[in-house]
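Encoded as structure tokens, the structure appears first; notes follow it.
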Amino acid sequence: RVETIDQCASALKRRIPGLSVAVAHGKMGEDALGDVMHAMADGEIQVLVCTTIIETGIDIPNANTLIIENADRMLETVRNALLKILEEPPAKSILLLISHNPNKLLPTIKSRCAKINLSALDTNIVSSLLRRYRPELSEVEVEKLSQICSGSIGKAINYADNGGLLLYQMLENLFFAGKDFDIVKAIELSTMASKDENVWDLLQELVTKFVSDMMLGGEHIEELGQAWDKVRVIFADTINLNMDKKQAMINIINTICKAM
């Protein structure tokens, strides 16, 4: 998303010191976008972080690796552009599709790709990496982040940098209160989600993590299963139908609390 593209570029620079990174998106002026593309073509930029730029047909001859995050969320125009690339892939090129829900990928795309399953990192490994990349974190924060990141150091760092730990603690306090949850706190959290796209995305991940862990632990399985079906619809409809995120998050919190 355009709203978070600079955060993604900054995160790459922090993780790989010395890396030359630039951004490109459709809201940039023609001159600014042209300057970035020329710099990329001249080899002055090593990594270009961009929105769905492949649908524009932009060709960068010296770019040999394309990584598409959340590939299962691609729009039709992007999927069609991707299929053309897959039908006649450039020589010595690598195309990586990162998907948390591969079943949503088009069969014609999946048939042209080799699936690589990435296993979750052990919590001890995540903790060690957090101490290296975020030395300012306390041991308590490191331990908690390692527990909620689902074995992903990328998620752990994202949570550390964007208040994910606090958000998860707020969710836990609300959910464990069950039907007696604090409506004022719920409204506070929902307001945060409505004002910040990044907070909304983080909460979607963290709500999923909480429900998954509870069900794996054998607690409130039937109730949470039914609640989760409703929550998934709310998340999807909020984006697809441009619904009010504040009210949507309140509904999500209320639905899960009733199931606890």
May I ask you to test the [X]-[Y] pair for a side-chain heavy-atom distance under 4.5 Å?
X    : Y    : answer
I157 : L145 : no
L202 : N158 : yes
V21  : L48  : no
C50  : V23  : no
S93  : L66  : no
E139 : R131 : yes

Does this structure show an ion pair linking E188 with K246, if we count only N-O contacts that are shorter than 4.0 Å? no
Side-chain ion pair, E141 and R134, N-O less than 4.0 Å: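 Looking at R134 together with E141, the answer is no, because their closest N to O distance does not fall below 4.0 Å.
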Of all heavy-atom pairs between [X] and [Y], which one has the smallest distance, and what is that distance?
X    : Y    : result
L203 : A193 : CD1-CB, 3.6 Å
F210 : F176 : CE1-CZ, 3.7 Å
W200 : I239 : NE1-CD1, 3.7 Å
I148 : L165 : CD1-CD1, 4.2 Å
S146 : L130 : OG-CD1, 3.9 Å
L174 : A186 : CD2-N, 3.8 Å

Please check: side-chain N/O of [X] versus main-chain N/O of [Y], any donor-acceptor pairing under 3.5 Å?
X    : Y    : result
D122 : N124 : yes
R132 : S128 : no
D196 : M192 : no
N240 : A236 : yes

Same cluster or not: [X] versus [Y], using hydrophobic residues (I, L, V, M, F, W, Y) connected whenever any side-chain heavy atoms lie under 4.5 Å apart?
X    : Y    : answer
V207 : I183 : yes
L216 : L224 : no
L166 : Y168 : yes
V47  : I67  : no
L96  : L12  : no

Nearest 0.5 Å, what's the [atom1]-[atom2] distance between [X] and [Y]?
X    : Y    : atom1 : atom2 : result
L106 : L83  : CG    : CG    : 6.5 Å
I125 : I153 : CD1   : CD1   : 10.5 Å
E44  : D35  : CD    : CG    : 10.0 Å
S194 : I187 : OG    : CD1   : 11.5 Å
S99  : K115 : OG    : NZ    : 9.0 Å

Tell me if the aromatic rings of F181 and F175 count as close, with their centers under 6.0 Å from one another.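 Aromatic pair excluded; centres sit 6.0 Å or further apart.
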Does [X], at its [atom1] atom, have more than 12 non-hydrogen atoms belonging to other residues, nucleotides or ligands within less than 6.0 Å?
X    : atom1 : value
L241 : CG    : yes
R232 : CZ    : no
E136 : CD    : yes
E30  : CD    : no
K84  : NZ    : no
E69  : CD    : no

Could you walk me through whether D72 and L97 pass the side-chain contact (heavy atoms from CB on, under 4.5 Å) test, one step at a time? CA-CA 9 Å; D72 46 84; L97 306 183; over 6 Å; no
Taking side chain to side chain donor-acceptor pair (under 3.5 Å) as the cut-off, I'd like each qualifying pair that reaches into residues 212-228, sequence neighbours left out, listed once.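 Passing the test, one end in residues 212-228: K209-D213.
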Once side chain to side chain contact (heavy atoms under 4.5 Å, CB included) is applied, do any residues pair with Q46, and if so which ones, sequence neighbours excluded?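 Applying side chain to side chain contact (heavy atoms under 4.5 Å, CB included) to Q46 gives L19, S20.
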Can you give me every donor-acceptor pair (side chain of residues 247-260, partner residue at least two apart or in another chain, under 3.5 Å) with its distance?
| residue | atom | partner | partner atom | Å |
| --- | --- | --- | --- | --- |
| Q247 | NE2 | N251 | OD1 | 3.0 |
| N251 | ND2 | Q247 | O | 3.3 |
| T255 | OG1 | N251 | O | 2.7 |

Please report the C-alpha distance between V199 and N162 in whole Å, then the side-chain angles of each, then the deciding distance to 0.1 Å, and finally whether the side-chain contact (heavy atoms from CB on, under 4.5 Å) criterion is met. CA-CA 8 Å; V199 172; N162 295 286; over 6 Å; no
